[in-house]
There are 2 protein chains.
Amino acid sequence: MRPEDKPDGQKRSFVEEARRAQIIESAIGTLAELGYTGTSLARVAERVGISKGVISYHFAGKAELMEQIVERVYRDIAQFVLSRLEKEATATGALRETIRSVAEYMRDHRTQLLALGEVVTNLRTTPDGALRYGIAFNEPIYDAREALFRRGQQAGEFRPFDARVMSVTVQAALDDMFAYWVTHPGHDLEAHAEELADLFEHATRSEDPGATANR
Amino acid sequence: MRPEDKPDGQKRSFVEEARRAQIIESAIGTLAELGYTGTSLARVAERVGISKGVISYHFAGKAELMEQIVERVYRDIAQFVLSRLEKEATATGALRETIRSVAEYMRDHRTQLLALGEVVTNLRTTPDGALRYGIAFNEPIYDAREALFRRGQQAGEFRPFDARVMSVTVQAALDDMFAYWVTHPGHDLEAHAEELADLFEHATRSEDPGATANR
DNA sequence: TTGTCTTCTGGCCGCACGGCCAGAATCTAG
DNA sequence: CTAGATTCTGGCCGTGCGGCCAGAAGACAA
């Protein structure tokens, strides 16, 4: 019996889990180098040094492999950033720390994030051609950040603005900071992040400097 | 002799140009609906109601067809936005008008911009797997907007900030405004654009309100 | 050592793709 | 009307893909 046919989830052997991780990492590397179109099961297998059939043995198909990549990378970055935010009391500080921590994660996980981008913008599972993830994929991020902005507005730290638009824009700024850094290897990622933090501090802060308490 | 073998460019017959345009439009529609992977020459031909070979007759290959799409859409939007900017005297006004005009273009050219995005993020012509366009594609936009920001800074309208980061971020905000609108059909694009204009006005304006003249 | 369960190999299958071409159809100039 | 140029058809070709499987190889408990 092939293990990927199991109902869902529990009790995978250690060896099996190791193989799955190995294949996932190979797929991540291939995605980052050759893009989604260039990532065939044959190439992923070759990079590990195994036969192509092993992937079919451990994963239900190419789609499941891709989804595992998204799940793993997404969970990882979310955990990293959220753990950093716990220490921040003010909304202003949390916003700046969001940008800093994301930049730091990008610096140390370039390959994973490139792969994530490839899958999110290309994987289609339904026959109608709709993207499996797409932008809607960011919705949980938008929601969380929106809540942060509202808190800052109620505390008087932030001026009144559309929290949803601000959330979307922050995410866009972070995504393109990454994309720009990837294509400009000499670019100073840290400085870019600080510049972004300043940018959004100016964009969000209350017009009246004295109104720090709740009005 | 096949017309696509001509040295480059001039004297294409009217009929031929019409066919090329027809095929390009079909490709744009297909890209917008089914994405890059789903856009085969067969499907593009089917949508026009012609044989697949006609595309090979009028274009050197799939890559040339895709490049023609980019060239056409890119030139169109650039012309639209630049014509709007001519009327603006101040850097602040030009920034706001940039955002407004791009949003208006998006509203009226949804399909074209979807297709442009598909090609830019997927077309690879070199065997090493590098993207044909990628983010570097935005470089002329960055340069022009950077010049605008510097002018505003010298005029005292804008605070000191990194003009390159601000340029990249404005473009990111516009791109994601489009992406968000595409996935949320009920979203108010115009309101989003105004919100963005406010956002960047706060982000860029000089700290000292009195310093409107050159210092 | 033997038997069973897990894991892997190597290769085959059908499919969709982009490219290509021989010849048919259509248009146009003389 | 005729001859040549332009445009199109329909189908064939090689390639690479994801999926699949029969049987070999390895791990391990009895």
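Proteins get letters first, then strands, A, B, ... in listed order; numbering begins at 1 in each.
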How many Å lie between CZ on A:Phe59 and P on C:dT7, as a whole number?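 To the nearest whole Å, that distance equals 13 Å.
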Pull out every residue in residues 27-40 of chain B that has a heavy atom closer than 4.0 Å to any atom of DNA chain C, ordered by number, or say none.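 Per residue number, the list reads B:Thr39, B:Ser40.
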Run the ring-ring contact (aromatic ring centres under 6.0 Å, His included) test against B:Tyr180 and tell me which residues pass, sequence neighbours left out.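 ring-ring contact (aromatic ring centres under 6.0 Å, His included) check on B:Tyr180 returns A:Tyr142, B:His184, B:His187.
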According to ring-ring contact (aromatic ring centres under 6.0 Å, His included), who are the partners of B:Phe200, at least two apart in sequence or on a separate chain?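 Applying ring-ring contact (aromatic ring centres under 6.0 Å, His included) to B:Phe200 gives none.
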Using the side chain to side chain donor-acceptor pair (under 3.5 Å) criterion, which residues pair with A:Asp188? Sequence neighbours excluded. none
B:Gln68: partners by side chain to side chain donor-acceptor pair (under 3.5 Å), with sequence neighbours left out: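 Not a single residue meets the side chain to side chain donor-acceptor pair (under 3.5 Å) criterion with B:Gln68.
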Can you see if the side chain of [X] gets near the phosphate of [N] - specifically, an N or O under 4.0 Å from OP1 or OP2?
X: B:His58; N: D:dC8; answer: yes
X: B:Arg19; N: D:dT6; answer: no
X: B:Arg43; N: C:dA16; answer: no
X: B:Tyr57; N: D:dC8; answer: no

Sequence neighbours left out, what pairs pass ring pair (Phe, Tyr, Trp, His ring centres under 6.0 Å) with at least one residue falling in residues 16-54 of chain B?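 Those involving residues 16-54 of chain B do not exist here.
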Distances under 3.5 Å between protein N/O atoms and the N/O atoms of nucleotides 11-14 of chain D, please, pair by pair.
none

Name the atoms and distances for all side-chain donor-acceptor pairs under 3.5 Å in residues 69-83 of chain A, with sequence neighbours left out.
residue: A:Glu71; atom: OE2; partner: A:Arg75; partner atom: NH2; Å: 3.3
residue: A:Asp76; atom: OD2; partner: A:Tyr105; partner atom: OH; Å: 2.6
residue: A:Ser83; atom: OG; partner: A:Gln79; partner atom: O; Å: 3.4
residue: A:Ser83; atom: OG; partner: A:Phe80; partner atom: O; Å: 2.8

Within residues 167-178 of chain A or reaching into it, pairs that qualify as side chain to side chain donor-acceptor pair (under 3.5 Å) - sequence neighbours excluded: A:Arg145-A:Gln171, A:Gln171-A:Asp175
